[in-house]
Amino acid sequence: MAKIASLDALEILDSRGNPTIQVLLSLDSGAIGVAKVPSGASTGKHEAVELRDGDTKRYAGKGVRKAIENVLQVIRPAVLGIDASEQQALDATLLTLDGTANKARLGANAILGVSIAAAKATASERNEPLYHYLAPRDSYVLPVPMFNVLNGGRHADNNVDFQEFMIAPVGASTFAEALQSASETFHALKEILKSKGYETSVGDEGGFAPRLRSNEEAMELLRTAIHKAGYRIGSGIAINLDPAASEFYEGGLYVFSKSDQSKRSSGEMIELWATWLERYPEIYSLEDGLAEDDWDGWARLTQRLGPKVQLVADDIFVTNPEIFARGVQRGVGNSILIKLNQIGTITETLHCIELARRNGYTAVISHRSGETDDTTIADFAVATDVQQIKTGSVCRGERISKYNRLLEIEHELGQKARYAGKNVYSKWRHSQSQTR
Ligand code: PGA
Ligand code: ZN
């Protein structure tokens with residue numbers, strides 16, 4: 001039995017220089033768990049509440065002192081002395097203390113910090129890596145990473161409406177090889193951008209954000225970069241998109257205000273994606289192709305393109321098991337994006353992944369655009385066996401820390417590790433040749 005002996009929290013900064021919360025939890029054995037909570041920018045409306053102080057005299061209202069007070073004054077007295085290895089019971093206690101449907105009282109940032117710190121402390125007490133503590137097995141699968149190398153939308157100040165153009169090295173045979181091929185492609189892309197006179201500064205998640213002429217140009221640049229780096233487009237390195245369509249959904253229409261000002265109905269957006277999939281067969285995954293409020297559109301999109309491509313639901317499900325269950329009923333998507341801070345506890349997150357598995361959905365573990373050097377999601381992706389992770393580009397320390405942690409896990413597992421590779425997408429790709 002590993003009893004919680006102390007709980008502490010402090011205000012730290014995330015990768016954008018905004019405050020976030022760090023939680024430190026220790027057990028009576030002396031083992032310590034530290035969790036640093038991330039923060040999104042293109043957030044779903046129904047995400048659990050990230051509690052901010054709103055005191056404009058500090059950090060433009062973004063301070064998290066209230067969340068910290070909640071950890072110290074409300075959560076600490078209730079959890080001291082309880083068994084940290086009973087994750088479900090601990091998380092249930094946190095939910096009861098909060099008492100709201102969306103964690104508005106204590107803050108999902110406060111709650112998640114405690115939930116993760118407890119798991120890390122227990123893993124440390126048992127002298128086990130976190131992934132092994134969360135899911136003891138003899139062998140593990142390393143996830144296919146999606147690297148967000150070209151940015152638009154809310155994450156960049158340019159003419160590209162779609163938020164993320166990602167490369168996914170499906171053809172690699174190990175995680176280390178996957179990372180290498182992504183890095184080489186990223187650097188090839190940088191050279192191409194430079195040769196065209198485009199900017200090569202990077203956005204919040206480490207992707208380039210040049211002033212391109214169109215959304216299509218982003219695709220062409222990525223294809224050229226993959227080819228230049230010496231990989232096969234599609235079967236070697238696939239391209240995955242997250243346009244984050246909620247961000248450009250206005251009054252029932254999709255408005256391309258960053259590029260050509262065109263407007264599309266939901267049906268026209270579905271046609272656009274159908275055209276893109278024809279034109280770019282290397283697209284293996286499409287996240288948030290439609291907006292969080294466009295449930296009917298999502299169901300039609302899934303009917304039309306679900307058999308051909310992974311359709312990842314982020315903003316519409318917000319890692320919420322209840323909303324996800326409704327989505328399954330309505331035939332929305334065939335994959336779910338998993339962000340721990342969208343829901344706020346490890347238990348509820350695992351519940352979502354379980355729901356995905358039971359209903360034939362894939363799942364993708366994800367970072368947020370505001371991150372820290374916390375690498376929990378790397379272990380979490382390996383433990384949950386979802387076989388896909390999305391944690392930014394191939395630069396910026398807070399992104400690389402997760403990839404480096406995955407390298408470390410692969411190294412320590414040796415023969416007991418396998419790289420997921422293209423199996424992840426075999427449901428959609430079995431009969432197609434994706435090279436050119
Ligand atoms: P966010 O973006 O962390 O800013 O919400 C990531 C995403 O949309 O997947
Ligand atoms: Zn997204």
Side-chain angles (χ1 to χ4, degrees), residues 14-18 20 36-50 52 62 108-109 112 143 145-157 160-168 202-207 209 239-249 254 273 283-294 298 301 309-320 323-324 327 332-344 349 352 361-372 374 376-377 381 386 388-393 396 398-399 402:
D14 71 13
S15 55
R16 280 192 275 251
N18 291 324
T20 188
K36 303 173 193 177
V37 176
S39 172
S42 69
T43 49
K45 266 192 225 161
H46 303 289
E47 289 191 22
V49 172
E50 176 183 73
R52 300 254 177 216
K62 289 186 186 258
N109 40 355
L112 181 64
M146 302 184 183
F147 299 93
N148 177 17
V149 292
L150 210 49
N151 292 184
R154 219 175 232 244
H155 289 178
D157 214 356
V160 180
D161 302 283
F162 305 155
Q163 180 176 285
E164 303 177 14
F165 294 78
M166 296 174 278
I167 51 173
V202 296
D204 288 354
E205 297 184 357
I239 298 181
N240 294 346
L241 303 178
D242 175 10
S246 305
E247 301 297 329
F248 53 89
Y249 189 56
Y254 294 88
W273 294 128
I283 297 175
Y284 280 29
S285 179
L286 172 63
E287 177 183 330
D288 284 1
L290 293 178
E292 61 192 329
D293 292 329
D294 190 2
W298 258 101
L301 172 75
V309 71
Q310 175 173 267
L311 295 170
V312 188
D314 172 11
D315 286 353
I316 189 167
F317 291 163
V318 290
T319 319
N320 182 311
I323 302 177
F324 182 23
V332 165
N334 53 30
S335 180
I336 179 171
L337 198 77
I338 301 290
K339 291 167 165 166
L340 287 103
N341 82 324
Q342 276 181 333
I343 187 68
T349 310
C352 258
Y361 280 59
T362 55
V364 183
I365 305 294
S366 173
H367 67 159
R368 299 309 303 254
S369 51
E371 265 295 335
T372 70
D374 190 306
T376 302
I377 59 167
V386 298
Q388 294 187 78
I389 190 168
K390 159 179 167 176
T391 182
S393 178
R396 292 190 65 131
E398 75 281 3
R399 315 294 148 183
K402 280 71 162 173

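The structure presented is a predicted model; accordingly, all values stated were derived computationally and were not measured. Both counts, for ligands and for their atoms, begin at 1 and track the order of listing. In what follows, residues are counted from 1 in the order of the sequence shown.
The Q163 neighbourhood of ligand 1 comprises atoms 2 (O), 6 (C), 7 (C), 8 (O), with distances under 4.0 Å to a heavy atom of that residue. Close approach to E287 involves these atoms of ligand 1, each under 4.0 Å from a residue heavy atom: 9 (O). Within the listing of ligand 1, atoms 7 (C), 8 (O), 9 (O) sit less than 4.0 angstrom from a heavy atom of D242. For ligand 1 and D314, the ligand atoms under 4.0 Å from any heavy atom of the residue are 7 (C), 8 (O), 9 (O). Interface atoms of ligand 1 facing R368, defined by a heavy-atom separation under 4.0 Å, are 1 (P), 3 (O), 5 (O).
Counting only heavy atoms from C-beta outward, the side chains of T20 and N109 never approach each other to under 4.5 Å. Looking at E371 and K402, their side chains come closer than 4.5 Å, going by heavy atoms from C-beta outward. Residues D314 and K339 form a side-chain contact, since some pair of their non-hydrogen atoms from C-beta on lies under 4.5 Å apart. Using a 4.5 Å cut-off on side-chain heavy atoms (C-beta onward), Y254 and D161 make no contact. Side-chain contact between R399 and S393 is absent, with no heavy atoms from C-beta onward closer than 4.5 Å. Proximity of F317 to C352: side-chain heavy atoms (C-beta onward) are nowhere separated by under 4.5 Å.
Within D314, the N/O/S atom positioned nearest the Zn ion (ligand 2) carries the name OD2. Within D242, the N, O or S atom lying nearest to the Zn ion (ligand 2) carries the name OD2.
In this structure, atom 3 (O) of ligand 1 lies nearest to the protein heavy atom S369 N, 2.8 Å. Ranking the protein heavy atoms by distance from atom 9 (O) of ligand 1 puts K390 NZ, 2.8 Å first.
Counting only N and O atoms by type, the side chains of D374 and T372 include no donor and acceptor under 3.5 Å apart. Between Q310 and N240, the side chains place no donor N or O within less than 3.5 Å of an acceptor N or O (distance only, hydrogens not considered). Residues D204 and S369 have side chains that never bring a donor and an acceptor to within less than 3.5 angstrom of each other.
Proximity of D288 to ligand 1, defined as any heavy-atom pair under 4.0 Å, is not found for any part of the residue. The residue R154 has no part lying near ligand 1, judged by heavy-atom distances below 4.0 Å. With a heavy-atom cut-off of 4.0 Å, A244 does not touch ligand 1 at all.
By the 3.5 Å distance cut-off applied to N or O atoms, S39 is not counted among the residues near ligand 1. Between G40 and ligand 1, not a single N/O pair is under 3.5 Å apart. Residue-to-ligand polar distances keep E47 apart from ligand 1: every N/O pair is separated by 3.5 Å or more. Of the polar atoms of K339, at least one N or O is found under 3.5 Å from an N or O of ligand 1, judged by distance alone.
Contact annotation: D288 places no N, O or S atom under 2.8 Å from the Zn ion (ligand 2). When distances to the Zn ion (ligand 2) are checked against a cut-off of 2.8 Å, E164 contributes no N, O or S atom below that limit. Within the 2.8 Å limit, E287 places at least one N, O or S atom next to the Zn ion (ligand 2).
Side-chain atoms of R16 come within 3.5 Å of backbone atoms of S39 as a donor-acceptor pair (strictly under, hydrogens ignored).
Remark: E47 engages R368 in a salt bridge, criterion side-chain N to carboxylate O under 4.0 Å.
Distance CD1/I316 to NZ/K45: 10.5 Å, rounded to 0.5 Å.
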